[in-house]
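Fair warning: this is a prediction, and the values are worked out from it, not measured in the lab. We count ligands from 1, going down the list as the structure has it; atoms in each ligand are counted the same way.
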Amino acid sequence: MKQGKLLYAGKAKSVYRTDTRETLIVQFRDDITAFDGGKKDTLKNKGRYNAGVSAFFFEYLEKHGVKTHYLQMLDENRMAVRTLSMIPLEVIVRNVAAGSIVRNYPFREGTKLDPPVVVIDFKDDSRHDPMLNEDLIIALKLATPAELRKIKKISLEINRLLFTLLAKQGILLVDFKIEFGRQGKTIRLGDEISMDSMRLWDKKTKESLDKDVYRFNKGDVMTTYNRVARRIMTGAARPAAAKKKTVAASRKGAGSPGRAAKPKTKKR
Ligand code: 5GP
């Protein structure tokens, strides 16, 4: 597969054309940003950790019946994907209150959200990704009601699958953001699922294992990304004795995610 012209450069990824219309290449760069690009750095190896974790999750989800854009890894940073027409929505699924939901609503950080809360934002940096509701999504013609129902259903299924998978590795899936696109009439998961787009806590210590380490200067973010990537992909970084205990703890821990709550309609 030949890498062609740059199609789009985002804050941490670049998308290239290839010699076939149906296929694109996503390059995970070493750039990291937070607060709408207000904080920026380039950190060696960051791209490959996120690429590896994203590929791992895409493969896992595909194996469990979720349609994604993922085709294959080309090298440690580059992923071949199906060309999608992206829908400018950011779907956020929350199992535990943290981040903006705590800043904007009277939730205490760490409160379990059962059923999980699904929030959909308009992907528009210039407007700071305002929260949408179903009426706005339809009025803006961003998706049809049937597509929206499907997007919510797939998002909750992804949540169920990843919550369970991560719990086995001693990790609490607090929340995550995903994006979808159309391939003809088929809705597929696009973009990435990585430490940049998820909030992950160690189940026992509640230590952050994601971009919050960078956002809030909680430590060395690359050490965290390296450790958590290994932990997610291989179950490594936990002594064998701790594994059984963590699995047992997960059964009485935050529980498993239930069904969708209605999306909030107020702006954040
Ligand atoms: P919050 O709304 O609390 O800031 O974010 C909720 C979850 O969605 C977090 O896991 C966060 O990392 C992710 N998220 C929200 N907006 C974005 C975004 O614009 N880009 C990325 N990569 N993740 C986001």
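- Relative orientation of the His64 and Tyr60 rings is tilted, given thresholds of 30° and 60° on the angle between their planes.
- Residues forming a salt bridge (Lys or Arg N to Asp or Glu O under 4.0 Å) with Asp124 (at least two apart in sequence, or on another chain): Arg127.
- Proximity to Asp129 (heavy-atom distance under 4.0 Å) selects the following atoms of ligand 1: 19 (O).
- For the pair Asp202 and Arg231, the salt-bridge criterion is met [side-chain N within less than 4.0 Å of a carboxylate O].
- Within the structure, ligand 1 has Glu90 among the residues with a heavy atom less than 4.0 angstrom away.
- Within the 4.0 Å heavy-atom criterion, the part of Arg94 lying near ligand 1 is the side chain and not the backbone.
- Ion pairing between Lys177 and Asp121 fails under the 4.0 Å rule for side-chain N and carboxylate O.
- For ligand 1, the atoms sitting less than 4.0 Å from at least one non-hydrogen atom of Met198 are 10 (O), numbered in the order shown with element in parentheses.
- Considering backbone and side-chain atoms alike, Ser100 places an N or O below 3.5 Å from some N or O of ligand 1.
- Salt bridge Asp175/Arg199: present, at least one basic N to carboxylate O contact under 4.0 Å.
- If you chain together ILVMFWY residues whose side-chain heavy atoms come under 4.5 Å of each other, Phe216 ends up grouped with Phe35.
- Ranked by closest heavy atom to atom 8 (O) of ligand 1, the top entry among Arg103, Lys11, Lys177 is Lys177.
- For the atom pair Thr42 OG1 and Ile32 CD1, the distance stands at 10.0 Å (nearest 0.5 Å).
- Less than 4.0 angstrom separates some heavy atom of Asp196 from each of these atoms of ligand 1: 12 (O), 21 (C), 22 (N), 23 (N).
- Contacts between Met131 and ligand 1, counted as non-hydrogen atom pairs separated by less than 4.0 Å, are absent for every part of the residue.
- Near Gly99, with a cut-off below 4.0 Å to any heavy atom, the atoms of ligand 1 are 3 (O).
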